[in-house]
Student: 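Submitted below is the structure of interest, expressed as structure tokens.
Residue numbers run from 1 in the order of the sequence given.
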Amino acid sequence: MGILSDRQIEKHVRIEPFEKGGKRPSMVSYGVTSYGYDVRVGTHFKVFTNVNSSIVDPKNFDPRSFVDVHAEKNGYILIPPNSFALCETVESFEVPRDVLAICVGKSTYARCGIIVNVTPLEPEWKGKITIEISNTTPLPAKIYANEGIAQIIFLRGEEVCEKSYADKRGKYQDQPGLTLPKVD
């Protein structure tokens, strides 16, 4: 297994819209990197709330656990202290059959106590990525819309997988945006 370089990412992975990397003054970086792609967070967020006294249960998820928050195009949202939010990426992806993608948080946010978690993007997965953001601090945290939030690292297998996410008809295939948990 090997990591895809910037040239290989642009050639083999469909990312729409695709952005070249580079300096963007006063912004959290995004776009292609040496061996990855920094994704941007969109403007639609779901922030956990205890207003409805819901229980978090992945097998019977109550959408009332969240409140919808929309950021202006170049605005931000606040995640309350010790809280959690879901959001979607600006970019849509189509992962090739011989590639596995892994998401890691950007150090700019990690250094502020903001943890980003995304499960791997399996071979032939496609859609917008739902990103989970945890504010581990005792303070409110700003998340900037349309700026970098996480880096995707692409690993190419030495051979094509036997059964891809598309073959399995995965439950998160073709998600058009922020998607809540589901159990088949």
Side-chain angles (χ1 to χ4, degrees), residues 3-4 6 8-10 12-21 24 27-48 58 61 63 65-66 68-71 73 76-77 79 83-110 114-135 141 143-157 161 164-184:
I3 298 175
L4 294 179
D6 52 354
Q8 291 171 316
I9 292 167
E10 189 169 5
H12 298 290
V13 180
R14 186 174 168 279
I15 303 171
E16 187 64 40
F18 184 87
E19 294 286 339
K20 297 279 187 187
R24 292 180 175 88
M27 295 185 86
V28 181
S29 62
Y30 60 89
V32 73
T33 65
S34 303
Y35 287 101
Y37 190 91
D38 287 357
V39 293
R40 292 173 287 171
V41 63
T43 58
H44 178 210
F45 295 80
K46 288 189 177 285
V47 179
F48 262 110
F61 195 80
S65 301
F66 290 103
D68 284 293
V69 179
H70 293 273
K73 182 177 180 183
Y76 62 87
I77 65 134
I79 299 178
S83 193
F84 178 84
L86 294 176
C87 60
E88 62 191 25
T89 57
V90 170
E91 296 85 0
S92 293
F93 289 80
E94 284 187 28
V95 180
R97 190 174 183 95
D98 63 342
V99 171
L100 172 71
I102 299 172
C103 179
V104 295
K106 290 182 62 65
S107 64
T108 300
Y109 279 114
I114 308 303
I115 307 301
V116 173
N117 180 49
V118 174
T119 56
L121 308 179
E122 294 188 43
E124 289 195 324
W125 178 85
K126 62 182 177 177
K128 283 194 174 195
I129 302 170
T130 296
I131 293 185
E132 303 84 22
I133 305 171
S134 294
N135 175 5
I143 306 297
Y144 291 92
N146 289 297
E147 295 190 23
I149 190 71
Q151 183 173 101
I152 309 297
I153 299 167
F154 300 93
L155 304 169
R156 172 172 274 146
C161 68
S164 74
Y165 197 74
D167 295 339
K168 295 185 279 187
R169 293 188 176 99
K171 61 187 168 195
Y172 299 113
Q173 184 71 304
D174 295 313
Q175 61 189 26
L178 198 160
T179 304
L180 294 176
K182 338 174 186 177
V183 174
D184 291 336

Student: What residues, two or more places apart in sequence or in another chain, satisfy side-chain hydrogen bond (donor to acceptor under 3.5 Å, both in side chains) together with Thr108?
Tutor: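 Checked Thr108 against side-chain hydrogen bond (donor to acceptor under 3.5 Å, both in side chains); zero matches.
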
Student: Could you report the tightest heavy-atom contact between Val90 and Gly42, atom names first, then the distance?
Tutor: CG2-CA, 3.8 Å

Student: Mind checking what makes side-chain hydrogen bond (donor to acceptor under 3.5 Å, both in side chains) contact with Thr43, not counting sequence neighbours?
Tutor: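 Thr43 satisfies side-chain hydrogen bond (donor to acceptor under 3.5 Å, both in side chains) with no residue once adjacent residues are dropped.
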
Student: What I'd like to find out is whether the side chain of Asp174 reaches to under 4.5 Å of the side chain of Lys126, using heavy atoms alone.
Tutor: yes

Student: Enter the distance from Ile79:CD1 to Ile143:CD1 here, rounded to the nearest 0.5 Å.
Tutor: 4.0 Å

Student: Of all the heavy-atom pairs spanning Val47 and Ser83, show the shortest one and how long it is.
Tutor: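 For Val47 versus Ser83, the nearest heavy atoms are CG1-OG, 4.5 Å.
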
Student: In terms of heavy-atom contacts, does NZ of Lys73 have more than 12 from other residues, nucleotides or ligands at under 6.0 Å?
Tutor: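 No.
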
Student: Please name the pair of heavy atoms, one in Lys128 and one in Trp125, separated by the smallest distance, quoted to 0.1 Å.
Tutor: O-CH2, 3.4 Å

Student: Can you tell me how far CZ of Arg156 sits from CG of Leu4, rounded to the nearest 0.5 angstrom?
Tutor: 5.0 Å

Student: May I ask you to establish whether Arg14 and Phe93 are in a cation-pi arrangement, using a distance under 6.0 Å from NZ or CZ to the six-membered ring centre and at most 45° from the ring axis?
Tutor: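 No, Arg14 does not sit over the ring of Phe93.
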
Student: Give the intermediate values and the outcome of side chain to side chain contact (heavy atoms under 4.5 Å, CB included) for residues Phe154 and Tyr35.
Tutor: CA-CA 8 Å; Phe154 300 93; Tyr35 287 101; over 6 Å; no

Student: Could you pull out all residues at least two apart from Glu147 that satisfy salt bridge (Lys or Arg N to Asp or Glu O under 4.0 Å)?
Tutor: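 Per chain and number, Glu147 pairs via salt bridge (Lys or Arg N to Asp or Glu O under 4.0 Å) with no residue.
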
Student: I want to check something: taking the side chain as every heavy atom from C-beta on, are Ile15 and Ser92 in contact at a cut-off of under 4.5 Å?
Tutor: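 Not touching, per the 4.5 Å side-chain cut-off.
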
Student: With Phe66, which residues qualify under ring pair (Phe, Tyr, Trp, His ring centres under 6.0 Å), at least two apart?
Tutor: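 Scan of Phe66 (ring pair (Phe, Tyr, Trp, His ring centres under 6.0 Å), adjacent residues dropped) gives Phe48, Phe61.
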
Student: Would you confirm whether Thr179, through its side chain, and Gly177, through its main-chain N or O, come within 3.5 Å as a donor-acceptor pair?
Tutor: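 Between the backbone of Gly177 and the side chain of Thr179 there is a qualifying donor-acceptor contact (under 3.5 Å).
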
Student: For Cys161 and Pro123, which heavy atoms make the closest approach, and how far apart are they?
Tutor: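 Where Cys161 meets Pro123 most closely, the heavy atoms are SG-CB, 3.7 Å.
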
Student: Using the test ring pair (Phe, Tyr, Trp, His ring centres under 6.0 Å), find all partners of His12 that sit at least two apart in sequence or belong to another chain.
Tutor: none

Student: Kindly indicate whether the side chain of Val39, heavy atoms from C-beta on, has any atom under 4.5 Å from the side chain of Tyr30.
Tutor: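 Sidechains of Tyr30 and Val39: no contact.
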
Student: Should Leu100 and Pro120 count as side-chain neighbours, where that means a heavy-atom distance under 4.5 Å?
Tutor: yes

Student: What are the two closest heavy atoms between Leu178 and Leu86, and how far apart are they?
Tutor: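 Shortest heavy-atom contact: CD1-O, 3.4 Å.
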
Student: Test of understanding: with ring pair (Phe, Tyr, Trp, His ring centres under 6.0 Å), list the residues that count as partners of Tyr37, not counting sequence neighbours.
Tutor: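 Partners of Tyr37 under the ring pair (Phe, Tyr, Trp, His ring centres under 6.0 Å) test: Phe18.
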
Student: Using side-chain heavy atoms (C-beta onward) and a distance below 4.5 Å, is Val69 in contact with Lys46?
Tutor: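 A side-chain contact is absent here, since even the closest heavy-atom pair is not under 4.5 Å.
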
Student: Test of understanding: with side-chain hydrogen bond (donor to acceptor under 3.5 Å, both in side chains), list the residues that count as partners of Ser65, not counting sequence neighbours.
Tutor: none

Student: Going through the checks in order, is the side chain to side chain contact (heavy atoms under 4.5 Å, CB included) test met by Thr130 and Gln175?
Tutor: CA-CA 9 Å; Thr130 296; Gln175 61 189 26; 3.3 Å; yes

Student: Is the backbone N or O of Ala110 less than 3.5 Å from a side-chain atom of Ser107, with the two atoms forming a donor-acceptor pair by type?
Tutor: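 Checked: no pair found.
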
Student: Could you give me the CA-CA distance, side-chain angles and deciding distance for Ile115 and Ile133, then say whether side chain to side chain contact (heavy atoms under 4.5 Å, CB included) is met?
Tutor: CA-CA 6 Å; Ile115 307 301; Ile133 305 171; over 6 Å; no

Student: Run the salt bridge (Lys or Arg N to Asp or Glu O under 4.0 Å) test against Lys106 and tell me which residues pass, sequence neighbours left out.
Tutor: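 If we apply the salt bridge (Lys or Arg N to Asp or Glu O under 4.0 Å) test to Lys106, skipping adjacent residues, the hits are Asp38.
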
Student: May I ask you to decide if Tyr172's main-chain N or O and Tyr165's side chain share a donor-acceptor pair within less than 3.5 Å?
Tutor: yes

Student: Not counting sequence neighbours, which residues clear ring pair (Phe, Tyr, Trp, His ring centres under 6.0 Å) with Tyr76? List them please.
Tutor: Tyr144

Student: To the nearest 0.5 Å, what is the distance between CG (Leu155) and CD1 (Ile102)?
Tutor: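 These two atoms lie 4.5 Å from each other.
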
Student: Would a 4.5 Å heavy-atom cut-off, applied to side chains only, mark Ile3 and Ile153 as touching?
Tutor: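 They are in contact (side-chain heavy atoms under 4.5 Å apart), so the answer is yes.
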
Student: State, with a plain yes or no, whether a side-chain heavy atom of Glu91 is found less than 4.5 Å away from one of Arg40.
Tutor: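 Sidechains of Arg40 and Glu91: in contact.
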
Student: Taking only residues two or more places apart in sequence or in another chain, which ones pass side-chain hydrogen bond (donor to acceptor under 3.5 Å, both in side chains) with Asn146?
Tutor: none

Student: Looking only at heavy atoms, what is the nearest atom pair of Gly148 and Tyr109, with distance?
Tutor: O-CE1, 3.3 Å

Student: With Lys20, which residues qualify under salt bridge (Lys or Arg N to Asp or Glu O under 4.0 Å), at least two apart?
Tutor: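 Checked Lys20 against salt bridge (Lys or Arg N to Asp or Glu O under 4.0 Å); matches are Glu10.
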
Student: Hey, mind stepping through Ile131 and Cys87 against side chain to side chain contact (heavy atoms under 4.5 Å, CB included) and telling me if it holds?
Tutor: CA-CA 5 Å; Ile131 293 185; Cys87 60; 3.7 Å; yes

Student: So does Arg24 pair up with Glu19, basic N to acidic O under 4.0 Å?
Tutor: yes

Student: How long is the straight-line distance from CD of Glu124 back to CZ of Arg97, given to the nearest 0.5 Å?
Tutor: 4.5 Å

Student: If the condition is salt bridge (Lys or Arg N to Asp or Glu O under 4.0 Å), which residues does Lys168 pass it with, not counting sequence neighbours?
Tutor: Glu122

